[in-house]
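First up is the structure itself, then whatever we jot down about it.
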Amino acid sequence: SQQGEEDPQALSIQEGENATMNCSYKTSINNLQWYRQNSGRGLVHLILIRSNEREKHSGRLRVTLDTSKKSSSLLITASRAADTASYFCAADNQGGKLIFGQGTELSVKP
Amino acid sequence: DTEVTQTPKHLVMGMTNKKSLKCEQHMGHRAMYWYKQKAKKPPELMFVYSYEKLSINESVPSRFSPECPNSSLLNLHLHALQPEDSALYLCASSQGGANEKLFFGSGTQLSVL
């Protein structure tokens, strides 16, 4: 499979805690992106990190990229119940395809 | 307008039916995509159109036939589908031809009986 792996598959935390999700991919990439999906809905783009970047921030989101390990992590700080969703990483491989990881289901309890 | 609109939202069809899924965007994006997503699985790429030309076909069975009539519209024609084709079909678009920041529609939930 071209798809990457994400861990954990599911994560349950309390409001206010931080949530960390990890993603590994298999090929060289142009960029790596993170998307969020609420149940039965379309995906929403969260953040993009290019292959020559190591860290990027957007609001409560922090993404890191380690191209030597072919891995990325997404940190959501001070989580809210509204952050409950599935989170997918997506690797823009150099074959022109955006390939999604298996996803992490995040549950934030009030 | 930053929306990708997909119709219908739900579709139930028999294995002998012919139906079409429609997708529309007015953001001036030149790349459009079809993805298929099974429950609790990641989206799987089916087709990519770049500047209205089919650039990627991920070995999708011929019972799925994409069409890009113009830069704002993308259709997916369905014929003789199988029950295992039941899934959420997602359309997306992005600026230019690069895989950067895809905008997704809400999808069509397809059930094949």
Side-chain angles (χ1 to χ4, degrees), chain A residues 1-11 21 23-53 56 58 61 63 85-107, chain B residues 2-7 9-10 21 23-25 27 29-51 53-60 86-111:
Chain A
S1 169
Q2 296 182 34
Q3 291 165 343
E5 301 295 322
E6 286 188 59
D7 77 87
Q9 290 186 0
L11 179 60
M21 291 160 253
C23 166
S24 62
Y25 55 91
K26 298 182 180 181
T27 65
S28 296
I29 60 171
N30 294 318
N31 64 67
L32 188 128
Q33 303 172 40
W34 287 87
Y35 288 80
R36 162 199 168 122
Q37 184 178 34
N38 288 87
S39 181
R41 305 285 294 174
L43 285 81
V44 176
H45 183 271
L46 296 176
I47 195 165
L48 178 153
I49 186 165
R50 298 190 188 283
S51 60
N52 61 353
E53 297 175 311
K56 203 160 185 180
S58 176
L61 306 180
V63 168
S86 293
Y87 291 81
F88 294 94
C89 68
D92 177 11
N93 72 18
Q94 295 177 344
K97 301 176 187 176
L98 191 65
I99 303 298
F100 285 83
Q102 295 298 308
T104 294
E105 242 180 87
L106 174 65
S107 174
Chain B
T2 58
E3 279 194 351
V4 175
T5 303
Q6 288 189 246
T7 55
K9 293 193 184 309
H10 302 274
L21 309 185
C23 175
E24 191 167 2
Q25 57 87 14
M27 295 178 279
H29 289 175
R30 303 314 299 266
M32 296 187 77
Y33 311 77
W34 281 114
Y35 280 85
K36 172 183 176 179
Q37 187 179 28
K38 293 275 203 181
K40 298 195 179 296
K41 294 291 187 182
E44 294 179 9
L45 183 63
M46 299 176 72
F47 303 104
V48 180
Y49 274 83
S50 181
Y51 294 88
K53 291 191 183 337
L54 183 64
S55 59
I56 294 177
N57 176 343
E58 284 289 87
S59 302
V60 178
S86 298
L88 181 66
Y89 287 84
L90 293 163
C91 173
S93 69
S94 66
Q95 199 167 22
N99 285 312
E100 296 202 357
K101 192 173 182 179
L102 269 61
F103 288 75
F104 280 84
S106 295
T108 294
Q109 188 65 55
L110 174 67
S111 296

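Just so we're on the same page: letters track the sequence lines, and every chain starts at 1.
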Practice prompt. Under 4.5 Å heavy-atom distance to chain B, tell me which part of A:Glu105 shows up: side chain, backbone, both or neither.
Written response: side chain

Worksheet item: Looking at B:Gly105, B:Ser106, B:Ala39, which has the largest count of heavy-atom pairs under 4.5 Å with chain A?
Response: B:Ser106

Worksheet item: Which heavy-atom pair separates B:Pro42 from A:Gly101 by the least distance, and what is that distance?
Response: CB-O, 2.9 Å

Practice prompt. Please round to the nearest 0.5 Å and tell me the distance separating atom OH of B:Tyr35 and atom CG of A:Leu43.
Written response: 9.5 Å

Practice prompt. Please indicate whether A:Gln9 has more than 12 foreign heavy atoms, meaning atoms of other residues, nucleotides or ligands, lying under 6.0 Å from its CD.
Written response: no

Worksheet item: Quick one: salt bridge (charged side-chain N to carboxylate O under 4.0 Å, His left out) pairs with a partner in residues 39-49 of chain A, sequence neighbours left out?
Response: none

Worksheet item: What are the two closest non-hydrogen atoms of A:Gly42 and B:Leu90, and how far apart are they?
Response: CA-CD2, 3.9 Å

Response to the item:
Sorted by chain and number, sequence neighbours left out, salt bridge (Lys or Arg N to Asp or Glu O under 4.0 Å) with A:Arg50 holds for B:Glu100

Fill in: Engaged part of A:Leu48 at the chain B interface, taking heavy atoms whose separation is under 4.5 Å
side chain

Item to complete: Anything in residues 33-40 of chain A with a heavy-atom distance to chain B below 4.5 Å? Please list those residues in order.
Response: A:Gln33, A:Tyr35, A:Gln37, A:Gly40

Discussion item. Nearest 0.5 angstrom please: B:Leu45 CG to A:Leu98 CG, how far?
Written reply: 8.0 Å

Discussion item. Using heavy-atom distances under 4.5 Å, tell me whether B:Gln37 contacts chain A through its side chain, its backbone, both, or neither.
Written reply: side chain

Item to complete: List in chain and number order the residues that pass salt bridge (Lys or Arg N to Asp or Glu O under 4.0 Å) with B:Lys9, two or more places apart in sequence or in another chain; answer none if no residue qualifies.
Response: none

Worksheet item: Counting only heavy atoms not in B:Lys38, do more than 12 sit closer than 6.0 Å to its NZ atom?
Response: yes

Item to complete: Could you grab the distance from atom CG of A:Asn31 to atom NZ of B:Lys101, nearest 0.5 Å is fine?
Response: 13.0 Å

